[in-house]
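To keep things clear, I will list the structure first and then write my remarks on it.
The chain is numbered in sequence order, starting from 1. No experiment lies behind these values; they were computed from the predicted model shown.
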Amino acid sequence: MAKLLVVATGNPGKLREMQAYLANSGWELILKPEELEVEETGETFAANACLKASQIAQATGQWAVADDSGLQVDALGGAPGVYSARYGTSDADRIARLLRELGDTVNRQAQFFCAVAIARPDGTIALESEGVCRGEILYAPRGEGGFGYDPIFYVPEKHLTFAEMSRELKGSISHRGKALQALVPYLGNLR
């Protein structure tokens, strides 16, 4: 019988994405209760992932998984970083702000970073992992898919932005995919 793992998100899309990575792990993922909100007060992605996993686990009495991720731009000293989602009021607003701040900067190197944490029902952290996808920031958005900064995040080896990639291709190279895949070998030991 599959073990339940509460995902610290209200986003069904993120739940489906995580379930795809953990498909044969023996865990069934469910969304957190809607009324449970955890404020991201950590100063790092790892701190926020641990905070969310721990609080959701304690509140539900179940195993919980959480991630925190964002874009880090080299020329901006790693910004927007943990503030990626709060960098503007909409995806278009966040992209416009980032492009404005970068201006004509020649160094467009950047990375998407993701930290994932799994907490026991008592809130203690059982597993943590991280994933990184390097790329560069374009001068203008390209592509219709994805969300967030995907239209300006270009992966040179694939000659595509995240927004131009199929869901499968993006999943195979993305920061979240790498962080989740790193957990898979250890999930069987958590029973």
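The backbone N or O of Ala85 lies less than 3.5 Å from a partner atom in the side chain of Arg94, making a donor-acceptor pair. For Ser84 (side chain) and Gly81 (main-chain N/O), a donor-acceptor pair under 3.5 Å exists by modelled atom type. With hydrogens and angles ignored, the 3.5 Å screen pairs a side-chain donor or acceptor of Arg97 with a backbone N or O of Tyr87. Distance alone, capped at 3.5 Å, places no donor-acceptor pair between the Asn48 side chain and the Phe45 backbone. Between the side chain of Tyr21 and the main chain of Gly171, a donor-acceptor pair closer than 3.5 Å is present.
Looking at heavy atoms from C-beta onward, Ile30 lies out of side-chain contact with Gln62 at the 4.5 angstrom threshold. Between Val184 and Leu22, the closest side-chain pair of non-hydrogen atoms falls below 4.5 Å. At a threshold of 4.5 Å between non-hydrogen side-chain atoms, the residues Thr9 and Asp67 do not count as touching.
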Would you tabulate the side-chain donor-acceptor contacts of residues 123-132 under 3.5 Å, counting partners in other chains and residues two or more places apart, or write 'none'?
| unit_1 | atom_1 | unit_2 | atom_2 | d |
| --- | --- | --- | --- | --- |
| Thr124 | OG1 | Arg120 | NH1 | 3.0 |
| Thr124 | OG1 | Asp122 | OD1 | 2.8 |
| Ser129 | OG | Ala179 | O | 2.6 |

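Annotation for Val116 and Cys114: closest pair CG2-SG, 3.9 Å, computed over non-hydrogen atoms. Of all non-hydrogen atoms in Leu160 and Arg142, the two that sit nearest each other are CA-NH2, 4.4 Å. The two residues Leu15 and Leu31 have their closest heavy-atom pair at CD1-N, 3.6 Å. Considering all non-hydrogen atoms of both residues, Leu5 and Trp27 come closest at CB-CE3, 3.7 Å. Closest heavy-atom contact between Ala66 and Ala49: CB-O, 3.4 Å. When all heavy atoms of Leu99 and Pro141 are compared, the pair lying nearest together is CD1-CD, 4.3 Å.
Taking the six-membered ring where tryptophan is involved, the planes of Phe162 and His175 are essentially parallel, since the angle between them stays under 30° and well short of 60°.
Geometric assessment of Arg108 against the ring of Tyr139 yields a positive cation-pi assignment under the 6.0 Å and 45° thresholds.
Exactly one of Leu71, Ile137, Leu102 qualifies for a side chain to side chain contact (heavy atoms under 4.5 Å, CB included) with Leu76. That residue is Leu102.
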